[in-house]
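Okay, structure first, notes after.
Within every chain, numbering begins at 1; the chains are lettered A, B, ... in the order of the sequence lines, protein sequences first and strands thereafter. Basis for what follows: all heavy atoms, side chains included, without hydrogens, waters or symmetry-related copies.
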2 protein chains.
Amino acid sequence: MGAMARTPPHPEVSEFGLQQVLEALVDPVRRSIVAQLDASGTDIPCGGFDIPVSKSTATHHFTVLREAGLIRQYYVGTSRMNSLRRADMDEAFPGLLDAINGQPVRKT
Amino acid sequence: MGAMARTPPHPEVSEFGLQQVLEALVDPVRRSIVAQLDASGTDIPCGGFDIPVSKSTATHHFTVLREAGLIRQYYVGTSRMNSLRRADMDEAFPGLLDAINGQPVRKT
DNA sequence: GTCGAAGTTTGACAGTGATCGTACCTTCGC
DNA sequence: GCGAAGGTACGATCACTGTCAAACTTCGAC
């Protein structure tokens with residue numbers, strides 16, 4: 001047992017803050033995580049990213065991204081999956097992710 | 001005389017870096033400066049902004065904004081004018097300033 | 001020339017955040 | 001149960017950055 005949260009807290013779109021989102025995106029490692037999620041179009045477990053930091057540091061980055069509203073996290077067995085909250089971000093800050101991820105990457 | 005630079009160095013559009021721009025925009029005071037420039041549509045001297053910091057701190061913020069390419073600075077008498085490099089930013093990172101300044105503020 | 005207004009420079013300080021190693025906790029497979 | 005894999009929690013560094021005060025510079029007005 002243990003009172004561990006299977007599902008950590010996620011902010012709602014109405015709670016997104018520009019300051020917090022920018023603080024999350026200003027770190028190159030975190031931008032890389034977002035870019036990899038955006039490029040793949042799939043959910044990726046924490047260990048599935050190509051980032052040059054230790055596991056504990058990675059955990060920290062995922063936490064920052066989740067609390068800012070950029071990703072959603074959920075467990076699948078022993079793995080923690082990460083999902084980009086594209087639509088939510090586009091709703092809260094239209095154009096921001098596109099501007100940061102370079103070319104708009106139209107997907108209609 | 002004095003070897004003081006009447007015109008400090010400004011990066012060219014081709015030299016703009018996303019990392020540097022984000023580091024500049026992550027500070028609320030600097031975002032406020034950019035917003036005031038964008039809203040006014042005019043050039044504003046350093047002392048003409050509504051920001052809650054000392055003069056020396058303000059100088060620092062203007063330097064960061066200039067080196068990132070967000071503003072252009074030039075002297076007019078004893079005043080240092082600040083000009084938003086809107087077009088340059090839009091060219092380097094389309095949509096970024098609009099996304100950060102909230103509503104696109106169409107000006108056709 | 002002298003004074004004041006407008007900024008800059010310098011140095012110091014405090015807070016924050018990225019980073020890591022180690023220990024710990026779950027879940028899966030056997 | 002046991003072990004391993006995948007992450008998390010906890011401290012502890014360490015560098016960077018925002019902040020200010022004080023001293024200095026430069027230009028304009030008189």
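Comparing B:Ala58 and B:Thr78, the nucleotide of DNA chain D nearest to each residue sits closer to the 5' end for B:Ala58. Residues B:Ser56 and A:Glu23 each lie close to DNA chain C; by heavy-atom proximity, the contact nearer the 5' end of the strand is made by B:Ser56.
Distance CZ (A:Arg80) to P (D:dT8): 5 Å, rounded to an integer number of Å. Note: CE (A:Met81) to C1' (D:dG6) measures 13 Å, nearest angstrom. Note: CZ (A:Phe62) to P (C:dG17) measures 19 Å, nearest angstrom. The OH atom of A:Tyr74 sits 22 Å away from the P atom of C:dT26 (whole-angstrom rounding). Between the C1' atom of C:dA18 and the CD atom of B:Gln19 lies a distance of 13 Å, rounded to the nearest Å. Atom C1' of nucleotide C:dA18 and atom CD1 of A:Ile51 are separated by 13 Å, given to the nearest angstrom. Here the C1' atom of nucleotide C:dG17 and the CG atom of A:Leu25 are 16 Å apart, to the nearest Å. At whole-Å resolution of the value, NZ in A:Lys55 and C1' in D:dG7 are 6 Å apart.
At least one side-chain heavy atom of B:Leu97 sits under 4.5 Å from a side-chain heavy atom of B:Leu70.
When distances are taken from the side chain of A:His61 to each of D:dA5, D:dG7, C:dA18, the shortest belongs to C:dA18. Of the candidate nucleotides C:dA6, D:dG18, D:dT8, D:dG18 has the atom nearest to the side chain of B:Arg30.
A donor-acceptor contact shorter than 3.5 Å is absent between the side chain of A:Gln73 and the backbone of A:Thr7.
Under 3.5 Å, the side chains of B:Tyr74 and B:Asp43 contain a donor-acceptor pair of N or O atoms.
Nucleic acid contact for A:Ser79: sugar-phosphate only, since backbone atoms but no base atoms lie under 4.0 Å from a heavy atom of the residue.
Between B:Phe93 and B:Phe16, the ring planes lie parallel to each other; the angle is under 30°, not in the 30° to 60° tilted range.
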